[in-house]
Amino acid sequence: MTLWLMAGLLFTPLAWAVLTLLTDFVWGRRVTWVGILVQVFVSLGLWLTVAQNGGFYYDLGGWGAPLGIELRVDGLAVTFVLLTAAVASACGLHAGVYIDRHKSWHRYFWPLFWFLWSGLNAVWLGGDLFNLYVGLELISLSAVGLVALGGNANALRASIRYLLAALLGSLAYLLGVALIYGQFGTLSIAGVVLWLDSHSASAGPGLALALMVTGLALKTALFPLHRWLPPAHGIAKSPVSALLSALVVKASFYIAARLWLAFGESLGNQAAAQAVGFMGSAAVIWGSWLACKQVQLKQVVAYSSVAQIGYLFLLFPLTYSVSDSISLQAQQGITLQVISHALAKAAMFLAAGNLILSVGSSRVDALAGVSRFLPFSLFSFGLAGVSLMSLPPSGGFAAKWLLLQASLGSGQWWWALVLLAGGLLSAAYLFRIYRASFAEIPETDQFFHPSKSLEVIPMVLALMALGLGFVSEQVLSVMALPFAEEGAP
Amino acid sequence: MTPSLLYAMAGAVLCGIGLFGLLRLSHLLRKLLAFNIMGSGVFLIMVGLPQHHVGPDPVPQALVLTGIVVAIAATALAVVLIRRYYHQSGMASLEGEADSREGGPL
């Protein structure tokens, strides 16, 4: 059973990428529907298996480490696999209607979409440092291709800038991997932890951890390395922006978080943890402030991503040299933040795409009167905004609540101020959009009505983000499941 | 000091050169070449650093082989994007004026 689930999970996206490479856009869409169905079932099946029996290590094709690929299937990984299935299928279904099928190069959306999905699954399940690198590169290259799908000079400029940033980040990460291997002779994260537990740490691996986290922070667009993100996410087509903001930046953060939680206690230090936290706080404030000042609707949403990513990096100070219960609280808060931001931001980008399609302009002030003509999409946008502003009962609220408790519990009250200020600023940039869309200008009643399916998909995602607050207990309980067999590698 | 450690040090130097080029040069093809130099530096460190008494370690060599494939794929994608960008905009750098001073047409 498990064998089939794993095979389905890893093999389908790659097979579908090759299949859709051979078809035109319309056939690619049909083939993709089948693939999405398979992926959703397989992800759900794997999640249920782990929820019942606990996590396990899985040697791909029966080949163990170091030359084989060892996958780490635990509660956190399957939670993100399921999240990917939800968000990516929504974006795939939306893209099938949203993207113009008459431009011949748009058929490449499908293979890139599937390669992206396979890379994401590889990163969530990856158990050793080098395979994580390969997964990361697969994600970056297909994400760059998706941004370049716009085809004009501005889209190409944004995608080249994105590519250069992503490649530099990957090389920094790979350099760290080389140093780790040179020191420990193993690439498995669990293996390095075993070694660290039995020896006293030296300076070399500390540098390796710093290099890896810096490279990953560049790929996650942590302030002040965020400059590539707004042009790329703002100019890409809406379903692509949704994929990039919801999932792609989370993949590199996920690796950074895994590394920090595994090695941070022995290789990190207080100053570095605080510094990362301060950069995250600066991202929250600066990103929200810039979001208030953007004239393009999608740029507002993109800068909001910069701000929301900032919260994630509070994980570093909130888990370093604190008690286990506070560390667990912080980890749970960050996980909820990742999930709720992924759902809410995907909903927001898809709804923003509908609004732009409807008014025919991407400017915020062109939204005047749209509340009468497209209330449903605007409502989805608003619901997603509730989660971003972290109002109860949304998933964003549950996440911020846990983080608030962790920061007060560990005596680091300054992060609580950042959480409050971030919430207020996000309300400021979101209400600016609502105000623009409720303005009445008599002479504008030329609106294009997008099809119903385009409007329903962001609503479903926004409702999921909102409902996450109610089911956060269950989500967190699966996440915390221990491994079935202890210390396998 | 063994010969393989010498490789690792050469790799570190190449990394520095590549990083400098990637950050300071403006012509896109030069940036791409700098990325490749930096990548070669990382690969050299990867094979040179693990020190064994029994001879070369096969694992990093397998890793570098995979790394080279990834680097080639990235380079190919970058070349396609840069070429397309040049055809559409007439520029060979991200910042500014057409046909930047050091670059010019390809």
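Chain naming here is simple, since letters A, B, ... match the order of the sequence lines and numbering starts at 1 in each.
- A search for side-chain hydrogen bond (donor to acceptor under 3.5 Å, both in side chains) contacts involving Gln296(A) returns Ser362(A), not counting sequence neighbours.
- Proximity of the aromatic rings of Phe109(A) and His106(A) is defined here by a centroid distance below 6.0 angstrom, and this criterion is not met.
- Looking at Tyr133(A), only its side chain comes within 4.5 Å of chain B, counting heavy atoms on both sides.
- Note that CZ of Arg30(B) and CD1 of Ile37(B) are 11.0 Å apart. Values are rounded to the nearest 0.5 Å.
- Side-chain atoms of Ser89(B) come within 3.5 Å of backbone N or O of Met91(B) as a donor-acceptor pair.
- A donor-acceptor pair is defined here as one N or O able to donate and one able to accept, closer than 3.5 Å; such a pair exists between the side chain of Lys298(A) and the backbone of Ala236(A).
- With a 4.5 Å cut-off on non-hydrogen atoms, Ala73(B) touches chain A through its backbone and its side chain both.
- A distance-only check finds no donor-acceptor pair linking the side chain of Trp110(A) to the backbone of Leu21(A) [under 3.5 Å].
- The line from OG of Ser188(A) to CZ of Arg72(A) is 9.0 Å long, rounded to the nearest 0.5 Å.
- Heavy-atom proximity under 4.5 angstrom to chain B picks out Val134(A), Glu137(A), Leu141(A), Val144(A), Ala148(A) from residues 134-149 of chain A.
- Between atom OG1 of residue Thr75(B) and atom CD1 of residue Ile68(B) there is a gap of 11.0 Å, rounded to the nearest 0.5 Å.
- Panel note: side chain Trp195(A), backbone Thr186(A); no donor-acceptor pair is recorded below 3.5 Å.
- With hydrogens and angles ignored, the 3.5 Å screen pairs a side-chain donor or acceptor of Thr20(A) with a backbone N or O of Ala17(A).
- The aromatic rings of Phe113(A) and Trp117(A) lie perpendicular to each other, with more than 60° between the two planes, well past the 30° mark.
- Between the side chain of Asn131(A) and the backbone N or O of Gly127(A) there is no donor-acceptor pair closer than 3.5 Å.
- Contacts from residues 152-172 of chain A to chain B, taken as heavy-atom pairs separated by less than 4.5 Å, involve Asn152(A), Ala153(A), Leu156(A), Arg157(A), Ser159(A), Ile160(A), Arg161(A), Leu163(A), Leu164(A), Leu167(A), Leu168(A), Leu171(A) in sequence order.
- Of all residues in residues 10-22 of chain B, those placing a non-hydrogen atom less than 4.5 angstrom from a non-hydrogen atom of chain A are Cys15(B), Leu19(B), Leu22(B).
- Heavy-atom distances place the side chain of Ala62(B), and not its backbone, under 4.5 Å from chain A.
- Note: Lys31(B) NZ to Arg24(B) CZ = 10.0 Å, rounded to the nearest 0.5 Å.
- Checking side-chain atoms of Ser241(A) against main-chain N and O of Gly234(A) turns up no donor-acceptor pair under 3.5 Å.
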